[in-house]
Amino acid sequence: MNKVIYLKAGGSLHRWLKPDLDPYTRRVEVNREDSLSEILVKIGIPPSQVALFHSAGRIRTGDYVPSDGEIITLQPPVAGG
């Protein structure tokens, strides 16, 4: 059985995420047991492009399995000079 999660991102991740609900959010149907890292690979985002995941006021790791309907914010690595 599948579930739906919502991924949010801006900045450099915007081009990888390909938002469809609004300029920052993509609705993704995933397998119930998929981790965040597995989800990234399945939708074509290289895991190296995401520094951290944020959900429900907590930082999550790539092995975190999100709940149905959960909103996950993706943060890119810090860059600049």
Side-chain angles (χ1 to χ4, degrees):
M1 181 171 260
N2 291 340
K3 63 185 172 188
V4 172
I5 64 166
Y6 301 90
L7 299 177
K8 296 183 84 69
S12 63
L13 282 173
H14 186 266
R15 71 181 182 100
W16 292 102
L17 183 61
K18 299 178 181 132
D20 59 1
L21 292 180
D22 63 36
Y24 307 100
T25 310
R26 178 173 173 180
R27 179 187 183 277
V28 182
E29 188 171 330
V30 298
N31 294 322
R32 290 220 171 260
E33 67 280 352
D34 285 350
S35 70
L36 290 173
S37 292
E38 291 169 327
I39 292 166
L40 288 183
V41 170
K42 286 181 179 182
I43 65 171
I45 298 176
S48 63
Q49 296 297 312
V50 179
L52 63 90
F53 306 94
H54 187 267
S55 171
R58 300 184 66 188
I59 293 175
R60 308 293 185 176
T61 61
D63 61 350
Y64 176 73
V65 177
S67 301
D68 189 37
E70 192 165 355
I71 299 169
I72 308 290
T73 301
L74 310 177
Q75 296 292 331
V78 176

Engineer: At their closest point, which heavy atom of Lys18 faces which heavy atom of Arg26, and how far apart are they?
Structural biologist: O-CD, 3.6 Å
Engineer: Does Glu38 use its side chain to pair, donor to acceptor, with the backbone of Ser35 at less than 3.5 Å?
Structural biologist: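 Side chain of Glu38 to backbone of Ser35, a donor-acceptor pair under 3.5 Å: yes, one is there.
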Engineer: Tell me, do Asp22 and Lys8 make a side-chain contact under 4.5 Å, heavy atoms counted?
Structural biologist: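 The answer is yes; the side chains approach within 4.5 Å.
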Engineer: Could you check if a side-chain atom of Leu40 sits within less than 4.5 angstrom of a side-chain atom of Phe53, using non-hydrogen atoms only?
Structural biologist: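 SC-SC contact between Leu40 and Phe53 confirmed.
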Engineer: Determine whether a donor-acceptor pair (N or O, by modelled atom type, separation under 3.5 Å) exists between the side chain of Lys3 and the backbone of Glu70.
Structural biologist: no
Engineer: Leu21 and Tyr24: same hydrophobic cluster, using ILVMFWY side-chain contacts below 4.5 Å?
Structural biologist: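 Leu21 does not cluster with Tyr24.
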Engineer: Taking atom OG1 of Thr25 and atom CG of Leu17, what is their separation to the nearest 0.5 Å?
Structural biologist: 8.0 Å
Engineer: I want to check something: taking the side chain as every heavy atom from C-beta on, are Ile43 and Leu7 in contact at a cut-off of under 4.5 Å?
Structural biologist: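 Yes, side chains in contact.
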Engineer: Does any part of the side chain of Arg58, heavy atoms only, come nearer than 4.5 Å to the side chain of Tyr64, both counted from C-beta?
Structural biologist: no
Engineer: Taking the side chain as every heavy atom from C-beta outward, state whether Ile45 and Leu74 have any atom pair closer than 4.5 Å.
Structural biologist: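 Counting from C-beta outward, Ile45 and Leu74 do come under 4.5 Å.
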Engineer: Do Asp34 and Val65 have side-chain heavy atoms sitting under 4.5 Å apart?
Structural biologist: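 No, too far: nothing below the 4.5 Å cut-off.
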Engineer: Using 0.5 Å steps for rounding, measure from the CG atom of Leu36 to the OG1 atom of Thr61.
Structural biologist: 7.5 Å
Engineer: Would you say His14's side chain and Pro19's backbone share a donor-acceptor pair under 3.5 angstrom?
Structural biologist: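 Flag not set: sc His14 to bb Pro19 has no pair under 3.5 Å.
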Engineer: I want to check something: taking the side chain as every heavy atom from C-beta on, are Val28 and Lys42 in contact at a cut-off of under 4.5 Å?
Structural biologist: no
Engineer: Search all heavy atoms of Asp20 against all heavy atoms of Arg27 and return the closest pair with its distance.
Structural biologist: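 Nearest pair, atom of Asp20 first, then Arg27: OD1-N, 3.0 Å.
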Engineer: Do Trp16 and Ile5 share a hydrophobic cluster, counting only Ile, Leu, Val, Met, Phe, Trp and Tyr and linking them when any side-chain heavy atoms are less than 4.5 Å apart?
Structural biologist: yes
Engineer: Does any part of the side chain of Asp68, heavy atoms only, come nearer than 4.5 Å to the side chain of Arg32, both counted from C-beta?
Structural biologist: yes
Engineer: Under 4.5 Å between side-chain heavy atoms, hopping through other hydrophobics if needed: is there a path connecting Val4 to Ile71?
Structural biologist: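 Linked, Val4 and Ile71 end up in one cluster.
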